[in-house]
**Student:** 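Here it is: the structure, laid out below.
Just so you know, these numbers use all the heavy atoms, side chains as well, and skip hydrogens, waters and symmetry mates. Every value quoted in this text rests on a predicted model; they were computed, and no experiment measured them.
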Amino acid sequence: MLLHKFRLSIFSSTQKIILHVTSDFLLFEPGEREPEDDMKLRFEAVAAMPEEDREVAKAVLDAMIVKSQVTQAVEQVGKTTAKEKG
């Protein structure tokens, strides 16, 4: 995390615009943020779908991500509560 902050501090937003690159390009090594091979194939398949189907796939992924984050948060609260009672 500290390395990423350092990398970000090196380049201002003006430099990113001048270089015509994304912040991910500046922050991460090649392949560092790419999905695993099995997920990459799935994402490529979704990318080839019609726009309407891609929007549905994105909505399903977003819902699964939120569900996972909420589940983790509830588990963390449960652990904290159990420690306080114990």
Side-chain angles (χ1 to χ4, degrees):
M1 182 68 120
L2 182 59
L3 179 60
H4 297 306
K5 288 181 182 178
F6 174 74
R7 289 179 187 169
L8 184 58
S9 68
I10 293 174
F11 296 98
S12 70
S13 58
T14 305
Q15 289 168 319
K16 288 186 276 189
I17 292 169
I18 292 170
L19 295 172
H20 301 287
V21 296
T22 65
S23 56
D24 280 355
F25 177 82
L26 297 173
L27 294 173
F28 302 104
E29 297 295 325
E32 189 175 0
R33 294 228 352 138
E34 290 185 16
E36 299 294 324
D37 286 340
D38 66 327
M39 291 303 292
K40 192 172 185 176
L41 292 174
R42 287 177 175 89
F43 288 130
E44 288 173 3
V46 169
M49 293 177 180
E51 178 67 25
E52 185 177 340
D53 292 343
R54 285 196 311 267
E55 291 301 319
V56 170
K58 284 193 260 184
V60 170
L61 283 171
D62 288 344
M64 294 298 300
I65 291 166
V66 169
K67 176 189 173 284
S68 176
Q69 291 171 340
V70 168
T71 300
Q72 290 173 0
V74 168
E75 288 173 357
Q76 188 63 35
V77 169
K79 289 177 185 177
T80 303
T81 305
K83 285 182 183 178
E84 290 173 356
K85 289 181 180 179

**Student:** Less than 4.0 Å between a side-chain N and a carboxylate O, is that true for D38 and R42?
**Tutor:** yes
**Student:** Roughly how far, to the nearest 0.5 Å, is CZ of R54 from CD of E51?
**Tutor:** 4.0 Å
**Student:** A quick test of your reading: do over 12 heavy atoms of other residues, nucleotides or ligands sit less than 6.0 Å from CD of E52?
**Tutor:** no
**Student:** How long is the straight-line distance from CE of M49 back to CD of E44, given to the nearest 0.5 Å?
**Tutor:** 12.5 Å
**Student:** If you measure from OG1 on T71 to CE on M64, what distance do you get to the nearest 0.5 Å?
**Tutor:** 9.0 Å
